[in-house]
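Because the structure is a prediction, the values reported are computed rather than measured.
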Amino acid sequence: MLAHAICKRLAAVRRSGELPFLRPDGKSQVTVEYEDGRPIRVHTVVCSAQHDPDVSDRRLRAEILEKVVKKAIRRGGSPAGRSST
């Protein structure tokens, strides 16, 4: 569910031009830690996106983290359904 939200957000910022260096074909994987069968935290987020070869790794990482990953996870709430702040 969180990986899907990240992929949707990645496509949206690409289509809107908010991140003009992105190209189609993004992927995401999210690992959630569980305790007693209940999700307690997001452990790992992997987000892969095709991009313009001229964009720096530093900019790519920073902008995807701020404009895609954090916004997608906040919208979905924490794994336990509570807002993460």
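A side-chain donor-acceptor contact under 3.5 Å links Asp52 to the backbone of Asp54. Between the Ser28 side chain and the Val46 main chain, a donor and an acceptor come within less than 3.5 Å of each other. Between the side chain of Arg9 and the main chain of Lys67, a donor-acceptor pair closer than 3.5 Å is present.
Between Leu60 and Phe21, some side-chain heavy-atom pair lies under the 4.5 Å cut-off. Looking at heavy atoms from C-beta onward, Val32 lies out of side-chain contact with His43 at the 4.5 angstrom threshold. The shortest side-chain heavy-atom distance between Val30 and Ile73 does not fall under the 4.5 Å cut-off. Contact annotation: the side chain of Arg14 approaches that of Pro24 to within less than 4.5 Å [non-hydrogen atoms, C-beta and beyond]. Side-chain contact check for Leu22 versus Ile64: some heavy-atom pair is nearer than 4.5 Å.
Qualifying side chain to side chain contact (heavy atoms under 4.5 Å, CB included) partners for Arg58, counting only residues two or more places apart in sequence or in other chains: Ser56.
With values rounded to the nearest 0.5 angstrom, Cys47 atom SG is found 11.5 Å from Gln29 atom CD. Atom OG in Ser48 sits 9.0 Å away from atom CG in Leu10 (nearest 0.5 Å). Rounding to the nearest 0.5 angstrom, the gap separating the CZ atom in Arg41 from the OG1 atom in Thr31 is 10.0 Å. With rounding to the nearest 0.5 Å, the separation of NZ in Lys8 from NE2 in His4 is 4.5 Å.
For the residue pair Cys7 and Gly26, the shortest heavy atom distance occurs at SG-O, 4.3 Å.
Comment: Asp25 does not engage Arg23 in a salt bridge, judged by the lack of any side-chain N to carboxylate O separation of less than 4.0 angstrom.
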